[in-house]
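Structure first, then comments.
All of these numbers come straight from a predicted model, not from anything done at the bench.
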Amino acid sequence: MIRSPLITVMVQAVRKAGRALARDFGEVEQLQVSMKGPADFVSAADRKAEDTLFAELSRARPAYGFLMEERGAVEGTDPANTWVVDPLDGTTNFLHGIPIFSISLALVRNGMPVAGVIFNPVMDELYVAESGQGAYLNDRRLRVAARKKLADSVVSCGLPHMGRGDHGQFNRELEKVQPQVAGLRRTGSAAIDLAWVAAGRFDAFWERNLSPWDMAAGIILVREAGGFVSDMDNGDKMLEKGHVLAGNEMIQRDLQKLLKAA
């Protein structure tokens, strides 16, 4: 795995936050039977993880700014470097005792992700990537899947739900994509979706209405695993536009055509 000083700092921060999240996840599973207060408990766990990440990263790189789900933007004295942090991506899964969630941490330099770490503390899966250094799951080098046809591909997507997303637009996209692929999946964590594309578990992923902290780490992971990532318009403004499409070169290109037709 990558052992650079930057990745070391990031891994130490997410592992420390992850230990507390794993303990809290065990507690929230017990709370399910009572139906009393699990949502408040999860909100507290989310904030606690963000506090840990903020403290650890501020100590290691005091000049860097932050873009965080709870705190929002925190300016640093070094305007080129920003930590983009989601302390708990997959909150609904966490709340329901589903062990698919993650801490997502990226360093964005001059607007582009240059390093990313995604950590699922329950599964003990640590994904890391740094520009030019490749992508890894624990100590295993990652490559995106090599399938060439949509008909052979399992594709993950984000499903709009109550009060969020354009349901009509998604239904049009689904109508185009569903008959062309071997299977569709929804994990409930965009960071995990992108990490699993990098690991070759999913052949592609698309989702709209995302925030930068949902996808910044995943973008560098997929690219360092040999994949292609764009916005829905085949550009490079995922963080600004809030939508993402990822896969290997051929699958990403063919899926983009289907989505554009929708």
Side-chain angles (χ1 to χ4, degrees), residues 6 10 64-76 78-86 89 102 104-118 127 129-133 135 144 155-160 164-170 172-174 176-177 186-187 189-198 202-262:
L6 174 60
M10 296 171 75
Y64 290 9
F66 287 84
L67 180 61
M68 312 184 83
E69 185 179 22
E70 302 297 328
R71 275 183 173 82
V74 179
E75 290 189 12
D78 178 356
N81 289 289
T82 302
W83 298 116
V84 179
V85 182
D86 191 341
D89 186 57
S102 64
S104 179
L105 168 63
L107 179 63
V108 173
R109 180 169 292 150
N110 296 317
M112 293 299 296
V114 296
V117 175
I118 294 172
Y127 298 84
E130 188 174 359
S131 184
Q133 302 300 311
V144 293
V155 176
S156 184
C157 59
L159 294 173
R164 182 171 178 180
D166 187 332
H167 293 223
Q169 182 179 45
F170 176 78
R172 291 191 297 273
E173 292 175 345
L174 185 63
K176 289 289 185 182
V177 175
R186 157 71 162 162
T187 70
S189 165
I192 292 289
D193 286 314
L194 288 163
W196 286 8
V197 171
F202 292 146
D203 296 282
F205 166 66
W206 94 91
E207 187 167 0
R208 298 181 183 272
N209 301 300
L210 292 172
S211 299
W213 48 78
D214 296 319
M215 53 181 162
I219 288 168
I220 184 72
L221 268 165
V222 173
R223 287 178 168 170
E224 287 297 311
F228 284 67
V229 187
S230 73
D231 56 42
M232 296 297 191
D233 305 310
N234 209 30
D236 202 30
K237 297 187 180 298
M238 296 78 66
L239 301 184
E240 296 94 326
K241 292 184 176 180
H243 41 75
V244 66
L245 171 60
N248 70 28
E249 181 178 10
M250 286 165 285
I251 298 300
Q252 196 260 9
R253 178 195 63 208
D254 291 346
L255 185 57
Q256 199 270 338
K257 291 177 182 176
L258 287 178
L259 295 170
K260 187 176 181 180

Holding to side chain to side chain donor-acceptor pair (under 3.5 Å), I want the full list of residues that pass it with [X], two or more places apart in sequence or in another chain.
X	result
Trp206	Glu173
Asp89	Ser189
Trp196	Tyr127

Over all atoms of both residues, closest heavy-atom pair of [X] and [Y]:
X	Y	result
Leu194	Asp214	CD1-O, 4.5 Å
Ala204	Val197	C-CG2, 3.8 Å
Met10	Leu107	CE-N, 4.0 Å
Gly158	Phe205	N-CE1, 4.1 Å
Gly165	Asn209	CA-ND2, 3.4 Å
Ala216	Pro113	O-CB, 3.5 Å

Side chain to side chain donor-acceptor pair (under 3.5 Å) with Ser230: of Gln256, His243, Gln252, only one passes, and it is Gln252
Got a donor-acceptor contact below 3.5 angstrom from the Glu224 side chain to the Gly132 backbone?
yes
Backbone N/O of Phe228 and side chain of Glu249: donor-acceptor pair under 3.5 Å:
no
Please lay out, stage by stage, how Trp213 and Val85 fare under the test side-chain contact (heavy atoms from CB on, under 4.5 Å).
CA-CA 5 Å; Trp213 48 78; Val85 182; 5.8 Å; no
Tell me every residue that passes salt bridge (charged side-chain N to carboxylate O under 4.0 Å, His left out) with [X], counting only those two or more places apart in sequence or in another chain.
X	answer
Asp86	none
Arg71	Glu50, Asp51
Lys241	Asp231, Asp233

If you measure from [atom1] on [X] to [atom2] on [Y], what distance do you get to the nearest 0.5 Å?
X	Y	atom1	atom2	value
Asn81	Asn110	CG	CG	7.0 Å
Leu174	Cys157	CG	SG	7.0 Å
Leu221	Ile118	CG	CD1	5.0 Å
Arg253	Ile251	CZ	CD1	8.5 Å
Gln169	Arg208	CD	CZ	4.0 Å
Glu75	Thr82	CD	OG1	9.0 Å

Check whether any side-chain heavy atom of Lys257 lies under 4.5 Å from a side-chain heavy atom of Lys176, and answer yes or no.
no
Derivation and outcome, side-chain contact (heavy atoms from CB on, under 4.5 Å), residues Met238 and Leu210:
CA-CA 9 Å; Met238 296 78 66; Leu210 292 172; over 6 Å; no
Under the criterion side-chain contact (heavy atoms from CB on, under 4.5 Å), I'd like the reasoning laid out for Glu130 against Ile220: C-alpha separation, chi angles, the key distance, then a yes or no.
CA-CA 7 Å; Glu130 188 174 359; Ile220 184 72; over 6 Å; no
Step-by-step side-chain contact (heavy atoms from CB on, under 4.5 Å) determination, Ile219 to Leu239
CA-CA 10 Å; Ile219 288 168; Leu239 301 184; 4.0 Å; yes
